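First the structure, in the form of structure tokens, and then the observations on it.
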Amino acid sequence: MGLFNKIKETFIGKSTKQNEKYVAGLDKSSTSFSEKINSLAARYREINDDYFDELENILIMSDVGVNMVMTIVDEIKKEVRLENIKDPRQINDIIIDKMFVIYANDSIMTTKINYAKEGLTVILMVGVNGAGKTTTIAKLANKMKKEGRSVMLAAGDTFRAGAIDQLDVWAKRLDIPCVKGKEGGDPSSVIYDGVKQAKEAGVDVLICDTAGRLQNKTGLMRELEKMNRIIKKYVPDGPQETLLVIDATTGQNGVNQAVEFSKITDITGIVLTKMDGTAKGGIVLSIKDMLNIPVKFIGLGEKMDDLQEFDLENYIYGLCHDLMGD
Ligand SMILES: Nc1nc2c(ncn2[C@@H]2O[C@H](COP(=O)(O)OP(=O)(O)OP(=O)(O)O)[C@@H](O)[C@H]2O)c(=O)[nH]1
Ligand SMILES: [Mg+2]
């Protein structure tokens, strides 16, 4: 049984809260993708080279990423030849299967946070300005708190005016401690205070905000190196996670920024925000292709519980349910 049928069986008529979040959050992407695929099928009586050219364009327009599109379309062509399929209305399932089998292929991607076996877990949040780092920290802290973990925040973005207050407001709302320094001060010394206080207080998780100045790459690299050194001194296995936050609405540009970030520091996972704001949901596949780093969370809206653990099957269903004939 192909992935397409498995997902159909799992989801159709069986809605869950997570499932509903994905369907609602991916509405723009799903409508755009399904309409294009359906209109393509309606315009071609037979599958031919032009059909495949158009299919390639649709996938590229959905931010799947050029290399990945070539691989996917080659695989679809093979299968179509093998099964001798002529009618474009009969290949929706093959399109979906190939897109995601290639995604899931050759690596098991864990979406779980790598918590320390004992003691403090330190999480660094990195990413360019406006990607959604600070709001994601709040959403993550809220989620961890609900799971019964104690959380502390460290306001390591001392660069942008108002950044410290923004994090502090979230901390107060969530009723968790937030370690702060002065605006314009040394971010690493805030991280130092954060780690020290988190250890003393015996909290489970410290989440550190950072400034996202990629324009000044050497500066950012040094700053992140310094933060890593300080964390390791007190938490030898830390930081357990360095999560790179990417704004999905920035498309291939966002993917390129991610590639740059992965060159300057070790990224353990991606948080893809604002998926609800893009019609190009294929960006998840592009990230996999360009970076091979797991997408651990996706932002499906602005509310606290709109940050969801990334789940491939829910994602496929959210993106492609209109093509599944329900
Ligand atoms: N619709 C939607 N909006 C989001 C999502 N995640 C974040 N945002 C919004 O994106 C905007 C920027 O978020 P911030 O968290 O301030 O981004 P940042 O990366 O901390 O930005 P800087 O501190 O300037 O570097 C805010 O208005 C958030 O509400 C999401 O998943 N969906
Ligand atoms: Mg911020």
Side-chain angles (χ1 to χ4, degrees), residues 18 20-30 63 111 123-143 153-174 178-181 183-185 187 190-191 194 207-217 219-220 223-224 227 242-251 253-254 257-258 260-261 264-265 267 269-281 283-284 287 295-311 314-315 318-319:
Q18 193 192 28
E20 281 165 19
K21 287 271 173 214
Y22 270 79
V23 170
L26 293 173
D27 186 51
K28 279 189 191 161
S29 292
S30 140
D63 271 341
T111 58
I123 299 177
L124 268 182
M125 269 325 192
V126 302
V128 297
N129 294 1
K133 294 180 293 296
T134 308
T135 14
T136 300
I137 289 173
K139 288 173 178 171
L140 262 184
N142 180 53
K143 183 177 150 58
L153 307 181
D157 181 358
T158 56
F159 182 71
R160 183 174 63 76
I164 299 170
D165 281 345
Q166 191 194 352
L167 193 71
D168 200 33
V169 166
W170 276 119
K172 290 208 169 76
R173 230 181 269 172
L174 293 167
C178 177
V179 178
K180 293 168 285 189
E183 205 166 286
V190 179
I191 304 299
I207 313 180
C208 310
D209 200 3
T210 67
R213 288 168 292 152
L214 199 55
Q215 305 81 294
N216 179 358
K217 232 192 282 173
L220 184 62
E223 202 168 285
L224 289 171
M227 286 181 183
T242 301
L243 299 178
L244 174 62
V245 181
I246 305 176
D247 174 347
T249 64
T250 59
N253 210 346
Q257 283 165 4
E260 292 307 312
F261 257 102
I264 63 173
T265 195
I267 306 294
I270 309 268
V271 180
L272 200 52
T273 60
K274 310 184 201 177
M275 281 294 277
D276 53 309
T278 179
K280 301 177 168 189
I283 188 170
V284 173
I287 288 171
V295 172
K296 292 203 170 178
F297 293 93
I298 71 174
L300 296 163
E302 288 189 274
K303 289 205 290 295
M304 275 287 126
D305 62 346
D306 286 338
L307 185 78
Q308 292 279 328
E309 256 167 38
F310 180 72
D311 176 76
N314 268 303
Y315 168 70
L319 188 63

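Everything quoted here is computed from the prediction, not taken from an experiment. Whatever order the structure lists ligands and atoms in, that order sets their numbers, starting from 1. All residue numbers in this chain count up from 1 along the given sequence.
A donor-acceptor pair is defined here as one N or O able to donate and one able to accept, closer than 3.5 Å; such a pair exists between the side chain of K133 and the backbone of V128. Side-chain N or O atoms of T249 include none that pairs as donor or acceptor with a backbone N or O of T278 at under 3.5 Å.
Near ligand 1, heavy-atom contacts under 4.0 Å come from V128, N129, G130, A131, G132, K133, T134, T135, K139, D157, R160, Q166, T273, K274, D276, G299, L300, G301, E302.
Taking 4.5 Å as the limit, some side-chain heavy atom of I267 sits within range of a side-chain heavy atom of T265. Side-chain contact between F261 and I246: absent, with no pair of heavy atoms (C-beta onward) separated by less than 4.5 Å.
Around the Mg ion (ligand 2), protein N, O or S atoms at less than 2.8 Å number 1.
The pair D306-K21 meets the salt-bridge criterion, with a side-chain N (NZ, NE, NH1 or NH2) lying under 4.0 Å from an Asp/Glu carboxylate O.
Under the ring-ring contact (aromatic ring centres under 6.0 Å, His included) criterion, F159 pairs with no residue at all, not counting sequence neighbours. Applying the salt bridge (Lys or Arg N to Asp or Glu O under 4.0 Å) rule to D168 yields the partners K172, K180; only residues at least two apart in sequence or on another chain are considered.
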May I have the step-by-step check of side-chain contact (heavy atoms from CB on, under 4.5 Å) for L167 and D157, ending in yes or no?
CA-CA 9 Å; L167 193 71; D157 181 358; over 6 Å; no

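Distance check, rounded to the nearest 0.5 Å: CD of E223 to OG1 of T158 gives 6.5 Å.
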